[in-house]
Amino acid sequence: MTDKKNLSWSRLDNAAKVFPSTTQKTDTRVFRFGCELKFDVDSQALQDALDKTIQLYPHFLCVMRKGVFWYYLEQTELKPVVKEEYKPICDQLYKSGERNLLFEVTYYKNRINFEAFHVLTDGTGAMNFLKTLVLNYIIGMYGDRFGENVPFLDDTSSLTQRVQDGFTKYYQKQKRVRIRSEHAFRLHRPKRENDDLLIIEGITSVRSLLQTAHKYNTTLTILLTAFLIEAFHQEMSLQNKNLPVSIGVPVNLRNYFPSETARNFFAMINVKYSFGERSGELEDIIKVIKQSFEECLTAEKLSEGMNSYAVLEHNTFIRLAPLPLKDAVIRYARMQSDKGTTAVISNIGQIKMPEGLSEYINLFYVFASTMTQQLCVCSYGDKLVLGFSSAFTSTEVIKNFFMQITRNDIPVTINCNDFNSRGV
């Protein structure tokens, strides 16, 4: 196991290098992973669970610092303190010049929230942390009910594996593939005041949606992506039809390159549909998305995308440029890249907890900061949670999306933060 003293400072992984330069109040690069229990949260028991959980993730106890050439993470003696929810969802965690932890655990009634700055980890790492936290909380509160059959998570990864940089491990020097980013349809609507997010949560049945997906001979992820593309289509003017609707899809690289890292290890692919060139029928949208997935979701293609993150690390000019110049270059590159993406859909997938915990857990949910709109999907048992975050005041796209589900005779329960910073 890695000696904790060796964690006194660490470099940002290759994916994380872009986040500090592009973080702003309108896009905090923060995501929230949460669990809704069947009973209200006890704050002291949650603090005890957090104290126990962080022992498995000591590398999360860090602050971000600026160097001459790079940002880096520095170990800190700061300890996380559980608080009742007190600020908007996915609000800023990193502020330049401030020494504070890059994650936070809060609660509100029966909900436990884990928010993290994307520099620290990705969706898989965040969900594993939350699952451990929730398990420790339930054991701490109700441990006597389990007797000798104390539940546990099937996770044997060591600290060395959790802190490993997957991008460095699998980097292969190869001819750089230049990826052209064509402009995509972008929604232009008034932004919300104070730069907070509109949060809308839909809860529906996994079983029912899977039946609909099977009717179209496709997967749940592809079906939801098709629904999202059609939702934007309904807001397009005739002159916009020449622009494709392009949906960004984060991909967990651990499914293609074995790794137990709790740091960032993901890639982004884009699936596009042009309503000006194709029929616009749902079956055709599904067909195009399926073809895109088949072409992009291979180890070879993902390796090309993964290596593109390594440009900052291996390009001599960029590597030697002072940090202010790097910031400017990365911000410009991000701005150009954003023009090629309409929205993002992130499917965390099915969340599994030890047997017997369904008595205490109602559902899990995920939200992410965005400058436009993002949909995060996860499920627990038969409850599928669709978490929309939006920088806009309007809800047309989100309404269009949910209406496509209800048209298939699938009921959806809708929750909204309704301009309230206390949560959904």
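Values reported hereafter were calculated over all heavy atoms of this structure, with side chains retained and with hydrogens, waters and symmetry mates removed. The model shown is predicted, which means the values in this text are computed figures rather than measured ones. All residue numbers in this chain count up from 1 along the given sequence.
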Check ion pair [X]-[Y] (N to O, under 4.0 angstrom):
X      : Y      : answer
Asp196 : Lys25  : no
Lys66  : Glu74  : no
Glu295 : Lys290 : no
Glu182 : Lys339 : no
Arg334 : Asp338 : yes
Glu85  : Arg32  : yes

Using the ring of Tyr57 (Phe, Tyr or Trp, six-membered ring only), decide whether Arg162 places NZ or CZ under 6.0 Å from its centre and within 45 degrees of its axis. yes
Do Arg263's NZ or CZ and the ring of Phe167 fall within the cation-pi criteria of under 6.0 Å and 45°? no
Residues in side-chain contact (heavy atoms from CB on, under 4.5 Å) contact with Ser358, at least two apart in sequence or another chain: Tyr380
Check side-chain contact (heavy atoms from CB on, under 4.5 Å) between Glu283 and all other residues, then give those that pass, not counting sequence neighbours. Tyr216, Glu281
Let's go through Asn362 and Lys383 carefully: what are the C-alpha distance in whole Å and the side-chain angles of both, what is the deciding distance for side-chain hydrogen bond (donor to acceptor under 3.5 Å, both in side chains) to 0.1 Å, and is it a yes or a no? CA-CA 8 Å; Asn362 189 27; Lys383 290 183 178 177; 2.3 Å; yes
Can you tell which of Val63, Thr76, Leu73 makes a side-chain contact (heavy atoms from CB on, under 4.5 Å) with Leu102? Leu73
Please report the closest heavy-atom contact between Leu78 and Leu61, naming both atoms and the distance. O-CD2, 3.7 Å
Just checking Phe266 against His118, ring centres under 6.0 Å apart? yes
Are Phe388 and Phe401 an aromatic pair, judged by ring center distance below 6.0 Å? yes
Apply side-chain hydrogen bond (donor to acceptor under 3.5 Å, both in side chains) to Thr28 and Asp91, showing your working. CA-CA 6 Å; Thr28 62; Asp91 200 25; over 6 Å; no
If you count the non-hydrogen atoms of other residues, nucleotides and ligands that lie under 6.0 Å from [atom1] in [X], is the total more than 12?
X      : atom1 : result
Lys399 : NZ    : no
Glu355 : CD    : no
Leu320 : CG    : yes
Gln239 : CD    : no
Asn217 : CG    : no
Tyr332 : OH    : no
Lys191 : NZ    : yes

Could you tell me how the ring of [X] sits relative to the ring of [Y]: parallel (under 30°), tilted (30 to 60°) or perpendicular (over 60°)?
X      : Y      : answer
Phe232 : Phe185 : perpendicular
Phe257 : Phe265 : perpendicular
Tyr365 : Phe367 : tilted

Within residues 240-257 or reaching into it, pairs that qualify as salt bridge (charged side-chain N to carboxylate O under 4.0 Å, His left out) - sequence neighbours excluded: Asp122-Arg254
Mind jotting down which residue pairs meet the salt bridge (charged side-chain N to carboxylate O under 4.0 Å, His left out) criterion with at least one end in residues 204-222? Sequence neighbours excluded, please. Arg207-Asp382
Residues in side-chain hydrogen bond (donor to acceptor under 3.5 Å, both in side chains) with Ser394, at least two apart? Glu396
Would you say the side-chain atoms of Thr261 and Asp165 include a donor-acceptor pair closer than 3.5 Å? no
Determine all donor-acceptor pairs shorter than 3.5 Å in which one atom belongs to a side chain in residues 127-136; sequence neighbours excluded.
{"unit_1": "Asn128", "atom_1": "ND2", "unit_2": "Thr124", "atom_2": "O", "d": "3.3"}
{"unit_1": "Lys131", "atom_1": "NZ", "unit_2": "Lys352", "atom_2": "O", "d": "3.2"}
{"unit_1": "Thr132", "atom_1": "OG1", "unit_2": "Asn128", "atom_2": "O", "d": "2.9"}
{"unit_1": "Asn136", "atom_1": "ND2", "unit_2": "Thr53", "atom_2": "OG1", "d": "2.9"}
{"unit_1": "Asn136", "atom_1": "ND2", "unit_2": "Thr132", "atom_2": "O", "d": "3.3"}

